[in-house]
Amino acid sequence: MLEIKQLHKSYPIGKDKLHVLKGIDLSVQSGELVAIMGSSGSGKSTLLNIIGMLDELDEGTYTLDNVPIVNLNEKKAAQYRNKFLGFIFQSFNLINYKNAVENVALPLYYQGFKRKERMEKAMFHLKKVGLENWAHHLPNELSGGQKQRVAIARALAAEPKLLLADEPTGALDTKTSYEIMDFIQELNDEGKTILIVTHEEDIANMCKRIVRLKDGVIMEDKFVEQVRASQYV
Ligand code: ADP
Ligand code: MG
């Protein structure tokens, strides 16, 4: 599914540079559920953003679905993102003046679907996250957990091969976090490949593999016995 070799990434800080990722090797197979762990500032989001083609690597190689991701212009990168990837963020990133179903339908607009089809597909995915009765509510009328469900439905709408989640439970209380993880585990059971950035041990243990970043290198990469979130919800 994806293969990264000897990835380096620095950010310029005045005249200096901050070397954030220092030779990352990572491959992920189709169907995996991987947690990327590490303390704040360890480079988790930087790695996820490079995987998500939101940022570029300085050195090394990155292959996604057998396509080398190199020197993509903005248009090409957007095409690949739409085709392969779904994103979930800590802060949900919903559009405030659009209701739930319109938010979910948005990526389908960029894929060229007609309005009727967009709305049908969006409703299908809203149903999947249990929010069909909230379709016409605005984000500010929804709880945090409901907002994240809308964001998940939106990420799924374009049927991505790979789901990337940056601290998806970071803004949620424990119970709601586990409900979201339960849903993420079900998606993975259905075969979806998912990468989750988190700094919470309990969330990481609900994945099948934990990759630990420290000071820009992978210090540990192991498969774990998956804790099911359903026992807590
Ligand atoms: P994490 O997600 O693990 O908390 P990040 O990947 O966001 O860490 O950041 C890693 C380091 O890179 C931090 O020190 C952060 O301040 C720095 N950094 C991240 N993005 C930028 C940027 N666009 N410009 C400069 N520094 C950045
Ligand atoms: Mg981060």
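Note that ligands are numbered from 1 as they come in the structure, with each ligand's atoms numbered from 1 the same way.
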| How far is atom 19 (C) of ligand 1 from its nearest protein heavy atom, and which residue and atom is that? | Y11 CE1, 3.4 Å
| request: Is it possible for you to check whether K5 lies under 6.0 Å from the centre of the six-membered ring of Y62, through NZ or CZ, and within 45° of that ring's axis? | output: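 K5 over Y62 ring: no.
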| request: Indicate the ring-plane relationship of Y80 and F84, choosing parallel, tilted or perpendicular according to the 30° and 60° boundaries. | output: parallel
| query | Should S40 be listed as contacting ligand 1, given a heavy-atom distance under 4.0 Å as the test? | reply | yes
| query | Purely on distance, is any nitrogen or oxygen of G43 under 3.5 Å from one on ligand 1? | reply |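 Yes, there is a polar N/O contact under 3.5 Å.
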| message | Set out, in order, the CA-CA distance, both residues' side-chain angles and the distance that settles side-chain contact (heavy atoms from CB on, under 4.5 Å) for I196 and C207, then state yes or no. | response | CA-CA 8 Å; I196 301 181; C207 298; 4.0 Å; yes
| Given that the side chain starts at C-beta and the backbone is N, CA, C, O, which of these parts of V20 lies under 4.0 Å from ligand 1, counting heavy atoms, or is it both or neither? |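 Near ligand 1, V20 shows its side chain, while the N, CA, C and O stay back.
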| said: Can you tell me which portion of L213 lies within the under-4.0 Å heavy-atom range of ligand 1? Options are side chain, backbone, both, or neither. | reply: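 No part of L213 comes within reach of ligand 1.
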| said: Tell me the nearest of L21, T46, I50, D166 to atom 9 (O) of ligand 1, using heavy-atom distances. | reply: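 Ranked by closest heavy atom to atom 9 (O) of ligand 1, first place is T46.
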| message | On a heavy-atom basis, I'd like to know which of P12, S45, G41 is closest to atom 2 (O) of ligand 1. | response | S45
| field | Hphob cluster co-occupancy, L187 + L162, side-chain heavy atoms under 4.5 angstrom | value | no
| request: For E200 and T169, test the side chains for any donor-to-acceptor distance below 3.5 angstrom and give the result as yes or no. | output: yes
| message | Could you check whether atom OH of Y110 has more than 12 heavy atoms from other residues, nucleotides or ligands sitting under 6.0 Å from it? | response | no
| task | Might you confirm whether atom CG of N73 has over 12 heavy atoms from other residues, nucleotides or ligands at distances under 6.0 Å? | result |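 Yes, because the 6.0 Å sphere around CG of N73 holds more than 12 heavy atoms from other groups.
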| query | How many angstroms lie between OG in S39 and NZ in K44, if you round to the nearest 0.5 Å? | reply |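 Rounded to the nearest 0.5 Å, the OG-NZ separation comes to 6.5 Å.
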| request: Answer yes or no for T46: is there an N/O/S atom below the 2.8 Å cut-off from the Mg ion (ligand 2)? | output: no
| request: Ignoring hydrogens, tell whether any protein atom lies closer than 4.0 Å to atom 15 (C) of ligand 1; use the non-hydrogen atoms only. | output: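 It does not: no protein heavy atom is found less than 4.0 Å away from atom 15 (C) of ligand 1.
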| Looking at S39, which atoms of ligand 1 are within less than 4.0 Å of one of its heavy atoms? | 3 (O)
| message | At less than 4.0 angstrom from any non-hydrogen atom of L18, what atoms of ligand 1 do you find? | response | 12 (O), 14 (O), 17 (C)
